[in-house]
Number of protein chains: 2
Amino acid sequence: MNTPAEKNHNPSPEHNHEKCVSKAIGTAEHLCVVRGVQLTPIRHQVLELIWENHKAVKAYELLDRIKPVMDAAKPATIYRALDFLIEQGLIHRIESLNAFVGCNCSGHQHEQLLLICKQCNEVEERPATEVMQALSLEFDQAGFVVHSKALEIHGICVKCIGLNDKQN
Amino acid sequence: MNTPAEKNHNPSPEHNHEKCVSKAIGTAEHLCVVRGVQLTPIRHQVLELIWENHKAVKAYELLDRIKPVMDAAKPATIYRALDFLIEQGLIHRIESLNAFVGCNCSGHQHEQLLLICKQCNEVEERPATEVMQALSLEFDQAGFVVHSKALEIHGICVKCIGLNDKQN
DNA sequence: AAAGCTAATTTTATATTATTACATTCATTG
DNA sequence: CAATGAATGTAATAATATAAAATTAGCTTT
């Protein structure tokens with residue numbers, strides 16, 4: 001029998017996460033320079049922790065994980081870093097989990113459809129163009145002026161379905 | 001100058017709220033009988049409080065509002081009632097606000113698009129059929145099996161836009 | 001270098017939201 | 001009417017998030 005941790009370790013053979021992270025961090029660094037904002041050590045650290053994987057991560061988990069490196073870290077330390085990263089569009093806040101996840105859509109449409117797997121906790125972002133168009137029509141019909149969207153879907157991702165099937 | 005409360009009082013001339021509430025409560029009572037579940041006094045009370053208006057309301061606000069009637073009420077009292085009402089599809093939980101709102105779509109597709117006004121705090125539910133269809137396609141493409149959806153849009157509703165325009 | 005400015009951080013405290021656990025009571029129904 | 005499961009009462013605490021004031025670090029202006 002697998003431990004929960006093992007069960008939730010769900011690598012995709014074709015996914016090179018090292019590359020994925022370095023791209024995300026690189027883009028973040030570049031964007032901050034371009035925008036004249038500071039990706040300070042704390043912010044950089046938090047962003048790296050978030051990018052350790054593609055799973056939704058909680059603020060206090062980040063706090064625990066940053067403490068070995070930054071003993072003085074307090075909730076406010078984390079929340080301020082998260083606020084900054086969200087403002088800069090470098091991470092998403094997942095409202096329905098009170099959690100956070102790295103965003104790899106910087107520069108494009110930032111508000112995407114989030115598919116959140118209950119089993120492995122990984123989050124897939126999808127631009128979902130048709131959905132967004134249908135939403136726009138809906139807003140027009142309602143006369144509603146949008147400021148922000150939370151489009152969060154919970155279920156089981158394709159990788160976990162595959163794993164589950166194999167087990168039977 | 002208006003007080004915030006006055007500013008946020010935003011009645012629609014064509015909306016008969018008394019009728020609206022009695023319909024919602026009536027439907028709830030009926031559904032609970034049909035389903036063989038108990039709409040106990042506490043649950044009924046909480047449902048009525050939620051239906052006082054169409055605004056998103058917080059759990060601890062409900063707690064404060066129920067105390068005059070039920071002095072013994074504690075957080076668990078409210079959260080248990082809310083859990084029941086959500087299970088029965090009689091209210092929605094608004095994930096991005098940690099708040100709740102009455103649901104008038106019982107019997108139909110329960111998961112609807114929620115348009116949440118930042119100014120008056122009212123929530124409009126919309127079936128948004130085209131959006132839902134586009135979402136289904138997206139899930140199929142992703143191979144994702146959906147358990148639940150949170151589709152929450154924040155912005156300014158058509159009534160508030162009208163009011164704001166008049167003020168200029 | 002000193003003074004002044006701003007953004008960022010530290011620190012402490014506290015507010016807000018939600019759950020757990022266990023005792024008790026209530027409502028059926030066998 | 002006793003047994004059972006559902007609902008409630010109660011206390012404590014966990015989990016999430018923010019506020020506010022003091023301090024620091026890095027600039028820039030003189």
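Owing to the predicted nature of the structure, the values given are computational and were not obtained by experimental measurement. Lettering follows sequence order; numbering is per chain, from 1.
- Checking the phosphate oxygens (OP1, OP2) of C:dA7, no side-chain nitrogen or oxygen of A:T40 falls inside 4.0 Å.
- Atom CD1 in A:I78 sits roughly 12 Å away from atom P in D:dA17 (whole-Å rounding).
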Problem set entry | CA sep, side-chain torsions, deciding dist, call: B:I94, B:E152, side chain to side chain contact (heavy atoms under 4.5 Å, CB included) | CA-CA 7 Å; B:I94 304 171; B:E152 304 174 2; 3.7 Å; yes
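- Here the side chains of B:N53 and B:N121 are not in contact, with every heavy-atom distance at 4.5 Å or above.
- Between B:R93 and C:dA18 there is a side-chain N or O to OP1 or OP2 distance below 4.0 Å.
- Within the structure, every side-chain polar atom (N or O) of B:K58 is placed at least 4.0 Å from both OP1 and OP2 of C:dT16.
- Mapping A:A73 and B:A59 onto DNA chain C by nearest heavy atom places A:A73 at the nucleotide closer to the 5' end.
- Ring geometry for B:Y79 against B:Y60 counts as perpendicular: the plane angle is over 60°, on a 0 to 90° scale with 30° as the lower cut.
- Here C:dA15 presents its C1' atom at 15 Å from CD of B:E61, a figure rounded to the nearest Å.
- An OP1 or OP2 oxygen of C:dT19 is reached within less than 4.0 angstrom by no side-chain nitrogen or oxygen of B:R80.
- By the 30° and 60° cut-offs, the orientation of the rings of A:H17 relative to A:H15 is tilted.
- Considering only side-chain atoms of B:Q38, the nucleotide from C:dA27, D:dA17, C:dT9 that sits closest is C:dA27.
- The side chain of A:Y79 lies closest to D:dA17, out of C:dT12, D:dA17, D:dT10.
- Atom NZ of B:K74 is separated from atom C1' of C:dT20 by 16 Å (rounded to the nearest Å).
- Side-chain atoms of B:Y60 and base atoms of C:dA18 include a donor and an acceptor less than 3.5 Å apart.
- D:dT16 atom C1' lies 9 Å from atom CZ of A:F100, rounded to whole Å.
- If you measure from atom CG of A:L39 to atom P of C:dA8, you get 11 Å, rounded to the nearest angstrom.
- A:V101 and A:L85 fall into different hydrophobic clusters, where Ile, Leu, Val, Met, Phe, Trp and Tyr side chains are chained together by heavy-atom contacts under 4.5 Å.
- Each of B:V37 and B:A76 lies near DNA chain D, and the nucleotide nearest B:V37 is the one positioned closer to the 5' end.
- Atom P of nucleotide C:dA7 and atom CG of A:D83 are separated by 16 Å, given to the nearest angstrom.
- We find that CG of A:L63 is positioned 12 Å from C1' of D:dA15, with the value rounded to whole Å.
- In this model, the phosphate group of C:dT16 is not approached by any side-chain N or O of B:N98 to a distance below 4.0 Å at OP1 or OP2.
- Rounded to an integer number of Å, the gap from B:H44 NE2 to D:dA7 P is 16 Å.
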